[in-house]
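First up is the structure itself, then whatever we jot down about it.
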Amino acid sequence: MTSGLCSSIIPPMKRYDPKTIEPKWQQIWAETKLYEVHEDSDKPKSYVLDFFPYPSGVAMHVGHVRNYTISDALSRYRRLKGENVLHPMGWDAFGLPAENFAIKTGISPRQATDQNKAMFKQQLMKMGMSYDWTRELDSTDPKFYRWTQWFFTFLLERGLAYQKESEQWWCETDQTVLANEQVEAGRCWRCHNLVTKKTLKQWFFKITDYADRLLADLDDIDWPEGIKTMQRNWIGRSSGARATFAIEGHKDSLQIFTTRIDTIYGATFMVLAPEHQLLATITTPAQKAAVEAYTQATFAKSDIERMETDREKTGVFTGAYAINPATGGQLPIWVADYVLIGYGTGAIMAVPGHDARDQEFARKFDLPIIPVVRPVTGKPQEDPEYRQSIVAILRNPKDNTYLSINWGNQGGNIFIGGGRETGETAEQTALREITEETGYQHVKHVTTLPAEIEHHYYAHSKGVARRIDVVSMLFELTDTIQVAQALEADEAGKFTVEWLTEAEIAQKVTDELHLSSFQQLVQGQVWTGEGIMMGSGQYDGQSSAEAREAMLADFTKAGWATEQVNYRMRDWLISRQRYWGAPIPVIHCEKCGTVAVPADQLPVELPEISDYQPSGDGRSPLAKVADWVNVPCPQCGGPAQRETDTMDGFACSSWYFLRFADPYNDQAPFDRAKADYWLPVDTYIGGAEHAVMHLLYARFWTKVMADGGLIGFTEPFTALRNQGMILAPDGRKMSKSYGNTITPDEIIEQNYGADALRLYELFIAPYEQTVPWSVQGIDGSSRFLHRAWSLVQDAAAATGNAADHNGSAETRLVTVLHKTIRKVTADLESMAFNTAIAALMEFVNEAYKLKVELPIAPNAAIWQGVAETLTILLAPYAPHITEELWADLGHSSSVHSASWPAWDAALIIEDVMTIAVQINGKVRATVAVAPDATESDIIELALADAAVVRNLEGRTPTKTIFVPGKIVNFVVS
RNA sequence: GAGCGAGUGGUGGAAUGGUAUACACGACGGACUUAAAAUCCGUUGCCGCAAGGCUUGUGGGUUCAAGUCCCACCUCGCUCACCA
């Protein structure tokens, strides 16, 4: 056949039209139940889960769907690898937005939620996500929240849920209390209005009981380090001591918490939080008015004002004194708002010598500052030589600069320093060194640090390790007359004298001893680090760490101190004064007290109401529904009232991942065998914003369930991955209010289709990186799909089986294909989707070039095999087009049920290797060699290269580095 | 202020200590077209006509060899923020 005839007979190539292909396959997948999974499989299980989304009233944008695209690609890859993949989706649908919408419009939260769910699901369906929709969950479905309520009673029975009257964050706008985690810089996390405090009787979960395990188990899970750090900081474990201080003339004593019991000899006053109960009893009549005025003023301040950290310290003396149990000394007791009632005991011993806040306070109110820890700087060395030494900082008061010596490469800028000679005072040494090294003579002593610094260093110029005790002094220049320097031989000409400003010092002086001297002498900083004890009686000379242990042991024996661990984390406030949540399943009976609703009476269903306004008295709208509130007591049958608070939405998301394992169970929240089969979640994917809330709560519930024998594991999410945010093309966050959102729907509509969108979501950057969306960028993904389509369609349509073809082109094609399989496989294992897709683009580009030498039509057999592999490699990201191509290649089963291809290492070996030739580390030439060329062959070839000869300039290499397959490096002098 | 992360072309980005700038966007040139779009083929870090030289935030160090490892600094992003 001639080519002219051919083109008139062969029908034109089938056009790639995502708009017809995508809905077609979505329907077929649903009909054939392609993504439904069951436990009865001999394949290894894998559970890939997205964070539980809240279906808001605004459609998802391309940033939201990045999360689902990543997890879907991963799920599809794992299925192809032969794993039994659970990949479910559901709705975390309780919450304020739906309720506030109801208040505004009268549309019930139920109705709004159902609409939003439908919209979100529709969006995900159009994206071709491979969820097992038979397991879809809705946390607002009574069949689901029945079990959330069941867990509440489960916690109640175990003493892990309790009720307490306490002051709590209160959002006036949303008319509800908030958990600590939900207050961000003094504002409500939902409406961003300032929050206040309100005293209410509230339900709590005792998460603090699990603080140690929540901390320790972080070590064993594969989570981003940043998230683990945030959780560690949030839990905020600090171990220290609780100590009792007697109060002069009172029976009551003062309890304090400190992590630095070693500094107790340096305590010079005590501070109570303004809310501290003892204040009323210990304040003397003379100070009463002042203290009351202070506390009143404090309470009148908003919490946001009180949380300002750069505020000047304020406080008032109470007139009372405590006795330092270690020294017997008298310590004035002050009240100040920098001490927080919620942490420790709400009272501290103040050690202004070693705590920056206490020092700031002491300076302001002229209280004594006593150092009891000598600073230690530098790294201790073996067998050090001991010397006494000085650091002298000389200020020129005229322009506020400081004299420094620049040693260049030998150590940068330092101040004047030197060893003390026998019989010399520190001040004499300083004056001598200043004159010798700089020639200045007329200076006056300003101040000396009260504690000598112990410094360890290696003196390179003398070749010895040294431990020195250093007296640090500040001098001022009285006039600028200089005499000649008198330098030691090894110092002459090696340094220059420079006058530096404070800002320059911060940049240029890096020596720990000199910088620390400057910070303490000039900037008034205190030493908060470790060191050697002084002024502390029998503990003098011990390291601060040793003293901490010794004192704790001694003081514990003496009966006035005890070891104590404190957590920053508080118990989880679970009650909310809102309608749209799971009712707390509790009934208050006058006779029986607080009674849990029995399991067989669950769920406590939300009544339908028409008025969603909060009741205005700090109770939820449910309080207004009399026939729902008034019920007989489950225990005595007498008159009783239901609890009207509902649960925080985070209760639902603390266990939903277990329900996916067994979503239809009406006897239990889940069957243990099913839960133990599917869980823990293998890969959990979502944004970093849930670092401390959901992820901490879910870990807590999992541990409670494990302790209760409901499951056989203690961590819910083995691996966690955070996807980065997609910003709008303008670089700002996508937001309805900026009008810069881009939705997946509009991109699919513009004929790009879901596959191009999915591909671009993954190609745009590494998945964890924040990146602005590029409107034109998606063209590249779309073009690539069209090119892949043409290639595979050409192969599918071809029928030839040429015997006499281009063998070297075929080898090349197979080599490139197998390299691509290897690269794509490795990249998917590490979720490097962007480079996996780049490798596929390279392969298609290469195939386009090779089909010139090895035409497709007569070589159909070769190209069809290549096309099949390419189609499978592409399937995880572009599930629709690959399904269509797979069918056109003659398959009747789904490409998503195919097997992931393996690569053959033998086929990857290239027939020519390129070796770079370096001279002194610079690439000067490349040589082409056979893969089996020996080292000496290659070196000989390299030395013969014209560019190499020219650059060697007749020199003979003194050394030759050979890295097989990579480089040859000739070292010449 | 503290902790964590990141600085590579015009842009998004690539690179087990071994040929920096893969892949893509954009731009430019060409083919096809009556024309445009689409498509296909090229060019594209900087300086230079070229030979060649220079280049991964800045400065230093380790190494035969540094974007990569070490030290200091600068800038940006995120998180926490008086937690004793």
Side-chain angles (χ1 to χ4, degrees), chain A residues 184-185 224-230 232-234 236-238 240 256-260 263 271 306-311 313 336-340 342-351 354-358 360-361 408-409 412 506-510 566-569 688-689 691-692 724-725 760 763-766 768-781 783-784 786-787 790 826 832 834-842 845 848-849 852 914-926 947 950 957-972:
Chain A
E184 298 165 345
E225 264 323 302
I227 300 286
K228 288 194 193 184
T229 306
M230 281 189 235
R232 285 189 191 108
N233 291 343
W234 187 262
R237 183 184 202 273
S238 32
I256 61 105
F257 172 76
T258 179
T259 54
R260 291 297 300 271
T263 62
V271 186
R306 278 189 69 180
M307 284 196 295
E308 285 289 332
T309 51
D310 46 4
R311 240 171 69 235
K313 292 275 179 290
D337 66 2
Y338 82 92
V339 173
L340 309 173
Y343 184 76
T345 61
I348 60 158
M349 67 172 196
V351 185
H354 301 286
D355 181 280
R357 297 153 301 184
D358 296 345
E360 197 191 327
F361 194 82
N409 292 342
Q507 265 196 33
K508 293 185 174 171
V509 177
T510 56
N566 243 329
Y567 299 96
R568 218 185 77 115
M569 181 170 69
E689 68 276 9
V692 286
M725 221 189 314
Y760 188 58
F763 180 69
I764 190 167
E768 73 272 35
Q769 200 163 306
T770 295
V771 66
W773 187 259
S774 157
V775 176
Q776 301 110 316
I778 195 168
D779 286 325
S781 299
R783 264 172 225 153
F784 165 65
H786 278 94
R787 282 163 67 81
S790 305
N834 58 328
T835 48
I837 292 166
L840 289 169
M841 288 174 169
E842 278 186 81
N845 290 346
Y848 265 66
K849 285 181 188 140
V852 176
T914 308
I915 305 286
V917 184
Q918 298 183 331
I919 292 169
N920 286 344
K922 285 198 168 163
V923 178
R924 295 299 181 185
T926 56
R950 178 157 31 86
T958 52
K959 196 170 168 188
T960 301
I961 313 284
F962 178 75
V963 182
K966 292 263 163 68
I967 61 148
V968 178
N969 187 11
F970 296 117
V971 184
V972 294

## Note on the structure
Comparing Ala688(A) with Thr835(A), nearest RNA chain B nucleotide closer to 5' gives the residue Thr835(A)
### Query
Between A15(B) atom P and Lys966(A) atom NZ, what is the distance in whole Å?
14 Å
### Query
Between Asn566(A) (side chain) and Ser238(A) (backbone), is there a donor-acceptor pair under 3.5 Å?
no
### Query
Gln918(A) near the nucleic acid: base, sugar-phosphate alone, or nothing, with a heavy-atom cut-off under 4.0 Å?
base
### Query
Of the nucleotides A22(B), G3(B), G13(B), which has the atom closest to the Gln769(A) side chain?
G13(B)
### Query
G53(B) and C32(B): how far apart are their P atoms, nearest whole angstrom?
41 Å
### Summary
pair_partner(U11(B)), Watson-Crick or wobble, both distances < 3.5 Å, evaluates to A24(B)
#### Entry: Distance, nearest 0.5 Å, that separates CZ of Arg260(A) from CD1 of Ile348(A)
14.0 Å
### Query
Which of the following nucleotides, G13(B), C64(B), U16(B), is nearest to the side chain of Val771(A)?
G13(B)
### Message
To the closest 0.5 Å, what do you measure between CZ (Phe784(A)) and CG (Asn845(A))?
### Response
8.5 Å
### Query
What is the minimum heavy-atom distance between Asn920(A) and Val971(A), and which atoms define it?
OD1-CA, 3.4 Å
### Query
Is any side-chain nitrogen or oxygen of Arg783(A) closer than 4.0 Å to OP1 or OP2 of A24(B)?
no
### Query
Is A72(B) paired to anything, Watson-Crick or G-U wobble with both distances less than 3.5 Å, and if yes, which nucleotide?
U58(B)
### Task
Using both distances under 3.5 Å as the test, list the Watson-Crick or G-U wobble partner of A81(B), or none.
none
### Message
Starting the side chain at C-beta, find the nucleotide from A84(B), A81(B), G18(B) nearest to Phe257(A).
### Response
A84(B)
### Query
Where the side chain of Asn834(A) is concerned, which of C25(B), A84(B), A14(B) is the nearest nucleotide?
A14(B)
### Summary
Partner of C46(B) under the Watson-Crick or G-U wobble criteria, both distances under 3.5 Å, comes out as G53(B)
#### Entry: Pairwise distance CD1(Ile967(A)) to OG1(Thr914(A)) - rounded to 0.5 angstrom
14.0 Å
### Query
With respect to the side chain of Trp234(A), which nucleotide from C80(B), G26(B), A24(B) is positioned closest?
C80(B)
### Query
Base, sugar-phosphate, or nothing for Pro766(A), non-hydrogen atoms under 4.0 angstrom?
sugar-phosphate
### Message
Students often get this wrong, so: under 4.0 angstrom with heavy atoms, is Val971(A) touching a base, only sugar-phosphate, or nothing?
### Response
sugar-phosphate
### Query
Within this structure, what is the CD-to-P distance between Glu768(A) and C4(B), rounded to whole angstrom?
18 Å
#### Entry: Nearest-nucleotide 5' precedence on RNA chain B, Gly346(A) against Ile837(A)
Ile837(A)
### Task
Pick base, sugar-phosphate or nothing for Asn566(A), based on heavy-atom distances below 4.0 Å to the nucleic acid.
nothing
### Query
Can you tell me how far C1' in G5(B) sits from the matching atom in U11(B), rounded to whole Å?
22 Å
### Message
Side chain of Val963(A), heavy atoms from C-beta onward: which of G26(B), G18(B), G13(B) has the nearest atom to it?
### Response
G18(B)
### Query
Under the 3.5 angstrom rule, does the side chain of Tyr338(A) hit a backbone N or O of Phe361(A) as a donor-acceptor pair?
no
### Query
Which is true for Ile961(A) with a 4.0 Å heavy-atom rule: it touches a base, it touches only sugar-phosphate, or it touches nothing?
base
### Query
Which is true for Thr926(A) with a 4.0 Å heavy-atom rule: it touches a base, it touches only sugar-phosphate, or it touches nothing?
base
### Query
Base of G9(B) relative to its sugar, syn (within 90° of 0) or anti?
syn
### Task
Measure the spacing between CZ of Phe763(A) and OG1 of Thr835(A) and express it to the nearest 0.5 Å.
9.5 Å
### Task
Could you state the atom-to-atom distance from OH of Tyr343(A) to P of C82(B) in whole Å?
12 Å
### Task
Whole angstrom is fine here: how far is it from CD in Gln776(A) over to P in C23(B)?
20 Å
### Task
Whole angstrom is fine here: how far is it from CG in Asn969(A) over to P in G18(B)?
13 Å
### Which nucleotide in A84(B), U16(B), A20(B) has an atom nearest any side-chain atom of Val923(A)
A20(B)
### Task
With heavy atoms under 4.0 Å as the rule, sort Asp355(A) into base, sugar-phosphate or nothing.
nothing
### Task
Quickly work out the Arg237(A) CZ to C80(B) P distance and round it to whole Å.
23 Å
### Distance in angstrom units between Ile227(A) CD1 and C80(B) P, rounded
11 Å
#### Entry: Pairwise distance OG1(Thr345(A)) to CD1(Ile256(A)) - rounded to 0.5 angstrom
6.5 Å
### Task
Compare the minimum distances between each of U79(B), A22(B), C82(B) and the side chain of Ala838(A), then state the nucleotide with the smallest one.
A22(B)
#### Entry: From A84(B), C82(B), G12(B), nucleotide with atom closest to Lys313(A) side chain
C82(B)
### Query
In the 5'-to-3' direction, what one-character label does each nucleotide of nucleotides 41-53 of chain B receive under the scheme B = base within less than 4.0 Å of a protein heavy atom, S = sugar-phosphate only, - = no such atom?
SS---------SS
#### Entry: Asn233(A) and Arg568(A): side chain donor to acceptor below 3.5 Å
no
### Query
With both distances kept under 3.5 Å, what pairs with C40(B), Watson-Crick or G-U wobble?
G30(B)
#### Entry: Gly346(A) to Val339(A) - nearest heavy-atom pair and separation
O-CG1, 3.5 Å
### Query
Atom CZ of Phe763(A) to atom C1' of G12(B): distance rounded to whole Å?
8 Å
### Query
If you check the Ser238(A) side chain, which of G12(B), C25(B), A84(B) turns out closest?
A84(B)
### Query
Is Glu225(A) touching bases, backbone alone, or none of the nucleic acid, heavy atoms closer than 4.0 Å?
nothing
### Message
Just to be sure I understand the rule, does Thr960(A) reach a base, reach only the sugar-phosphate, or reach nothing, if contact means heavy atoms closer than 4.0 Å?
### Response
nothing
### Summary
NZ (Lys966(A)) and CD1 (Ile961(A)) are apart, to the nearest 0.5 Å, by 15.5 Å
